[in-house]
4 protein chains.
Amino acid sequence: MVAGMQSRDTPPTRAGGRPRSTEADTAILEATRQALVDLGWTKLTLGDVATRAGVAKTTLYRRWAGKSELVVDAVAELFDELELPDRGSLAADIEGVVLQFAALLGRPETRTALMAVVAESTTDGPLRERIRTSIVERQKRLVLEGRERAQARGELPVESDPETAGRTADLIFDVTAGAVVHRALVSAEPVDVEWAHRFTTLLLGGLAATTTAP
Amino acid sequence: MVAGMQSRDTPPTRAGGRPRSTEADTAILEATRQALVDLGWTKLTLGDVATRAGVAKTTLYRRWAGKSELVVDAVAELFDELELPDRGSLAADIEGVVLQFAALLGRPETRTALMAVVAESTTDGPLRERIRTSIVERQKRLVLEGRERAQARGELPVESDPETAGRTADLIFDVTAGAVVHRALVSAEPVDVEWAHRFTTLLLGGLAATTTAP
Amino acid sequence: MVAGMQSRDTPPTRAGGRPRSTEADTAILEATRQALVDLGWTKLTLGDVATRAGVAKTTLYRRWAGKSELVVDAVAELFDELELPDRGSLAADIEGVVLQFAALLGRPETRTALMAVVAESTTDGPLRERIRTSIVERQKRLVLEGRERAQARGELPVESDPETAGRTADLIFDVTAGAVVHRALVSAEPVDVEWAHRFTTLLLGGLAATTTAP
Amino acid sequence: MVAGMQSRDTPPTRAGGRPRSTEADTAILEATRQALVDLGWTKLTLGDVATRAGVAKTTLYRRWAGKSELVVDAVAELFDELELPDRGSLAADIEGVVLQFAALLGRPETRTALMAVVAESTTDGPLRERIRTSIVERQKRLVLEGRERAQARGELPVESDPETAGRTADLIFDVTAGAVVHRALVSAEPVDVEWAHRFTTLLLGGLAATTTAP
DNA sequence: TCCTAAGCGAGACGGTACGTCTAGTCTTTAT
DNA sequence: ATAAAGACTAGACGTACCGTCTCGCTTAGGA
């Protein structure tokens, strides 16, 4: 789950009156994902989501500012399902997470929503921030966990300078996530075991070059 | 230029009737790019583009099936401006093209449009094909040119198996384009000389690893 | 007024939700009449009516199925202004109502609209019924009132057979309304006091012939 | 036939060049009538008529100013089919022509077109004149022929004052045509033998009253 | 025989209105 | 105060016709 997500626009004052239905929240996010599957991003409408969730449109607008915000929350929950399984070696761990990520991008709701909200975010600062907070930064944990595990195994040296370490982690994250997304959605080619292996070889080879030669 | 682009839906038979205005085509594509700058993808409307181009809405719909197709053609022209400058070494060439690509993604019309049409293409097969034809496949030339030039310089061995060569080129393309896009649009961090240098080191290091070790 | 007109498409069930604005109704019908005056039937557009009434197009379409239905309701209100003044004799009463009807047909909104909706109704059954209900049947009251008054004065015998009485009333109605409309709109000649007098003489003479001779 | 109709906009100067196709004229008018049957007045479009006639739209616009003019010409030909059969008595003649007229109004092309062009003519002077010339005035011949025949039979006295005679003929024309049209199209009731008989009785009775009493 | 002016089919053009759809807001009654 | 219902303003959608135009081609009569 998206714990401590503090998403949505929390009501400022806690006063009297009928409390918000928590079931509505769940129903709306689930309905949003189903609508993404059925209709795709463009044809998804908030009125339709409201109907599917058995909720009034006003209830929806009371909680989210618009389509983009709603969809970010709906798909963020899916990204949290990603995890880094311990397969015994760094290479195997990377291959595993690449394939997991590819599987996530294979689901129609993620596929259509992810690029769309990123596109929206290019002209919408707050949305960009929401995406960073809810999705991007949260998933960098995978890189960090992988590195720690590899260092524990002795597969990677411990980088002393924290700034260099951070920049390297960012680079790995952009290269990995970017390559998988580009392969899957732009080139529209399959991300299979063979490709994951080839990519991992490239990444690890490059990583060695970055750490040895300044 | 987008030579021989055979885009749009060309009238099948060349019979009688007033011929289509080529000036209209130019005006529409230019107006589309300007509208992308001013309004972004979501707020761009075909009616507005038509007005800007001094053209009737019907003229627009006669040539393009919808917003996505139009925008793909409009931005495809920009991608054709990319070129691979000869900077003397493979590393310098890669850095150069990475920075060029980053500059292209820095332009608001490309920034907002590219992700949007890719998002659309996830639920629209013909559009996906159009993107591949007009943008993706066309730009792979940069990878191929770079490799040939490096082989001529003796920086890279000549790969004998054409299939392996093709797969490697595809991998390089996805990794490079994907990393730049992810860095620029998803992570929303600058793609500057320093990052380009670090990325190039990673890529060349990885490339060496892929070619030496199967 | 068009009391109890039960026109428009009344919402079937009375449940929750914001009630329809009655002010909008009034404004729309008035705007329709004004648009008929300014533009005539053909150039009248529902978008323009909506603008004049200060109302969104959807509000208009929520209440009426199309241009014809709207215009029927708008002019039906005018027909209800007709009344049968007591001028002391049957002949004078008839002349009076003929001139009133002619004056109504002289108003541009009625002039242009009446024939147009009748023309539409020839290929539109529901519309034909609406015209009958809202206009034709309602105005037959003038014939019935005139007859009752004449019978009270002793100018006309009381017809015992209700069916014969009904057929005669229908005939009088068709002849009178038809003659005035044809004179005013088809022949495009004035319906003045002189013509009204001549027509009344013809009608009353014919009426005597119908009642005496079977 | 509509002989000497001098309708359409004849080319002013007779110079060289390819002459207009007379087959096109025939085909267009026939196509117009068929389109009226199939689509009714409102949904009839000039483009569709052109297609049906196997003719280019420009050919159509070269000859007629618009939809109304075209339709007037197309239906005027049908009105010329009316004639006054000699049935031996004035009453029988009137009943005959009333039923003929009713039959004409029963045809869908006439039914939908007649009221429509009259409606148009209320805001279009030249069109009104065209209708008068092509249809109204042409059919008054039926009244005049009927009177002459009745006078020859001795059923009607010869009116000495030509002005009075003219006004009476106009009145009869408006009353008859108006009553039939109103019965058939507005009241939407059948014009059958029984009605025609009742109407004729009324008309002849009234006629006697007008001629005897000033 | 060629010339030339108009007619012709085809179809693109700038416009305008259509009737529908969605966005977000507002107004009602019920909880 | 929140909920469901649904009416409200605003405006884009994609389509259909309008009446005009621009093509290349045909069809005559006059030179």
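Every chain is numbered from 1, with letters handed out A, B, ... down the list of sequences.
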| side-chain hydrogen bond (donor to acceptor under 3.5 Å, both in side chains) against B/T42, all qualifying residues, sequence neighbours excluded | A/E120
| note | So CG of C/L60 and OG1 of C/T32: to nearest 0.5 Å the spacing works out to 6.5 Å
| query | Listed by chain and number, what are the side chain to side chain contact (heavy atoms under 4.5 Å, CB included) partners of A/T122, not counting sequence neighbours? | reply | B/R111, B/T112, B/L185
| message | Check this one for me: any side-chain N or O of A/R62 less than 4.0 Å away from OP1 or OP2 of E/dG24? | response | no
| remark: Across all chains, not counting sequence neighbours, the side-chain hydrogen bond (donor to acceptor under 3.5 Å, both in side chains) partners of D/D124 are none
| query | Separation of D/R63 atom CZ from E/dA6 atom P, in whole Å? | reply | 15 Å
| remark: Here the distance between atom C1' of E/dG7 and atom CG of D/D25, to the nearest Å, is 13 Å
| Across the strands shown, which category fits C/T59 at heavy-atom distances under 4.0 angstrom: base, sugar-phosphate, nothing? | base
| Upstream residue (5' side of DNA chain F) when D/L44 and B/T45 are each assigned their closest nucleotide | B/T45
| Just how far, in rounded Å, is C1' of F/dG14 from CG of B/L60? | 12 Å
| In chain order, what residues pass the side-chain hydrogen bond (donor to acceptor under 3.5 Å, both in side chains) check against B/E30, with sequence neighbours excluded? | B/R33
| Atom pair distance, as rounded to whole Å: CD in C/E23 and P in F/dC8 | 11 Å
| request: Could you tell me the separation between the OH atom of A/Y61 and the P atom of E/dT22, rounded to a whole number of Å? | output: 11 Å
| said: Going by side chain to side chain contact (heavy atoms under 4.5 Å, CB included), name the residues that satisfy it together with C/E23, two or more places apart in sequence or in a different chain. | reply: C/S21
| said: Tell me the interatomic distance from B/K43, atom NZ, to E/dA23, atom P, rounded to whole angstroms. | reply: 15 Å
| field | Test side-chain hydrogen bond (donor to acceptor under 3.5 Å, both in side chains) applied to B/R128 - qualifying residues, sequence neighbours left out | value | none
| query | At under 4.0 Å between heavy atoms, what does C/T58 touch on the DNA or RNA strands: base, sugar-phosphate, or nothing? | reply | base
| When rounded to the nearest 0.5 angstrom, what distance separates CG in A/L127 from NZ in A/K67? | 12.5 Å
| task | Round to the nearest Å and state the distance from B/L46 atom CG to F/dA12 atom C1'. | result | 9 Å
| said: Between C1' on E/dG7 and CD1 on D/I28, what's the gap in Å once rounded to a whole number? | reply: 12 Å
| field | Residue whose closest nucleotide on DNA chain E lies nearer the 5' end, D/A24 versus B/S21 | value | D/A24
| field | A/K43 and A/D38 ion-paired at < 4.0 Å | value | no
| message | Between the base of E/dG14 and the side chain of B/K57, is there a donor and acceptor pair under 3.5 angstrom? | response | no
| message | Among residues at least two apart in sequence or on other chains, which ones pass side chain to side chain contact (heavy atoms under 4.5 Å, CB included) with B/A31? | response | B/V49, B/R52, B/A53
| task | Strictly below 4.0 Å, heavy-atom distances to any atom of DNA chain E: list the hits from residues 48-56 of chain B, or just say none. | result | B/G54, B/V55, B/A56
Could I get a table of every N or O pair under 3.5 Å where one atom is in the protein and the other is in nucleotides 25-28 of chain F?
residue: F/dT26; atom: O2; partner: D/R18; partner atom: NH1; Å: 2.9

| Under-4.0 Å side-chain N/O to phosphate OP1/OP2 contact, C/R20 with F/dG6 | no
